[in-house]
Amino acid sequence: MDNSLLKIAGNTGRRPVECDCPECRAQCRVPCLGTPDDILKLIRAGHAGKLKLTFWCVGMALGKYPCPVPMVQAVKTGAGCVFLSNGLCELHDSGLKPTEGKLSHHELRLDNFIFELSLAWNVAKEWIDKDNFPKVIKAFALIELYQKGIIE
């Protein structure tokens, strides 16, 4: 496991899970969030065209963080995550599934939700961690270069 995944697993008490029950598959209607490390791996693997600059606003909406968190994430299509293919994540077997997807499981319910332990917040924190700024800037720059047609 990479450092971000280890840190988030430790912060949330979650471990990588492989469940393909209908509830877990339904989570793919929304792209799972990736850390800067996850996103750089996806870009290096040729998936830049399936990623875009986004802003995570849940923390702000809940009054837990003062502003949106800029990040690069998988595109959401009308059918769900851009990586959803025939009801399954096409990244699953490649080891490129973003951190939230690796640690997410159907056991989370609204009645046991604690914001500070949420996977989304812990992934978002990786995008505002000053130690990750070089990776964040690189991810933003690579997506911009891809969108301008300068790199493939």
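Note that this is a predicted model, so its numbers are computed, not measured. Note that the numbering runs from 1 along the sequence shown for the chain.
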Would the distance check show the side chain of D129 and the main-chain N or O of K125 forming a donor-acceptor pair, the cut-off being under 3.5 Å? no
Given 3.5 Å as the limit, does a donor-acceptor pair link the side chain of N122 with the main chain of I8, or not? no
Exercise: identify the closest heavy-atom pair between V82 and A74: CG1-CB, 4.2 Å
Could you tell me which non-hydrogen atom of K102 sits nearest to which non-hydrogen atom of L5, and how far apart they are? CD-CD2, 4.1 Å
Nearest heavy atoms of C89 and L84, plus distance in Å: N-CD1, 4.4 Å
Gap separating the CD1 atom of I114 from the OG1 atom of T12, nearest 0.5 angstrom: 11.5 Å
Can you name the ring pair (Phe, Tyr, Trp, His ring centres under 6.0 Å) partners of F133, sequence neighbours left out? none
Review item, side-chain donor-acceptor pairs of residues 137-149, under 3.5 Å, at least two apart:
{"from": "E144", "atom 1": "OE2", "to": "K148", "atom 2": "NZ", "distance (Å)": "2.9"}

Anything under 3.5 Å between a donor and an acceptor, one on a side chain of residues 28-42, the other on a protein residue two or more places apart or in another chain? List them.
{"from": "R29", "atom 1": "NE", "to": "A26", "atom 2": "O", "distance (Å)": "3.3"}
{"from": "T35", "atom 1": "OG1", "to": "D37", "atom 2": "N", "distance (Å)": "3.4"}
{"from": "T35", "atom 1": "OG1", "to": "D38", "atom 2": "N", "distance (Å)": "3.1"}
{"from": "T35", "atom 1": "OG1", "to": "D38", "atom 2": "OD2", "distance (Å)": "3.2"}
{"from": "D37", "atom 1": "OD1", "to": "K135", "atom 2": "NZ", "distance (Å)": "3.0"}
{"from": "D37", "atom 1": "OD2", "to": "S4", "atom 2": "OG", "distance (Å)": "3.3"}
{"from": "D37", "atom 1": "OD2", "to": "K135", "atom 2": "NZ", "distance (Å)": "3.3"}
{"from": "D38", "atom 1": "OD1", "to": "T99", "atom 2": "OG1", "distance (Å)": "3.3"}
{"from": "D38", "atom 1": "OD2", "to": "T35", "atom 2": "N", "distance (Å)": "2.9"}
{"from": "D38", "atom 1": "OD2", "to": "T99", "atom 2": "N", "distance (Å)": "2.8"}
{"from": "D38", "atom 1": "OD2", "to": "T99", "atom 2": "OG1", "distance (Å)": "2.6"}
{"from": "K41", "atom 1": "NZ", "to": "D2", "atom 2": "OD2", "distance (Å)": "3.3"}

Using modelled atom types and a 3.5 Å cut-off, is there a donor and acceptor pairing between side-chain atoms of S118 and backbone atoms of F115? yes
With the 4.5 Å side-chain cut-off for hydrophobic clustering, are V75 and L91 part of the same group? yes
I'd like to know if the side chain of R14 reaches the main chain of S104, judged simply by a donor and an acceptor atom lying under 3.5 Å from each other, with no hydrogens or angles considered. no
In this structure, are over 12 heavy atoms from other groups packed under 6.0 Å from E152 atom CD? no
For residues 50-71, which side-chain donor-acceptor pairs fall under 3.5 Å, sequence neighbours excluded?
{"from": "K50", "atom 1": "NZ", "to": "E90", "atom 2": "OE2", "distance (Å)": "3.0"}
{"from": "T54", "atom 1": "OG1", "to": "M71", "atom 2": "O", "distance (Å)": "3.3"}

Go through the steps for V72 and W127 under the test side-chain contact (heavy atoms from CB on, under 4.5 Å), then give the verdict. CA-CA 9 Å; V72 174; W127 289 88; 4.1 Å; yes
Test: ring-ring contact (aromatic ring centres under 6.0 Å, His included). Region: residues 73-99. Which pairs qualify, not counting sequence neighbours? H47-F83
Where at least one partner belongs to residues 77-88, residue pairs that pass side-chain hydrogen bond (donor to acceptor under 3.5 Å, both in side chains), sequence neighbours excluded: none
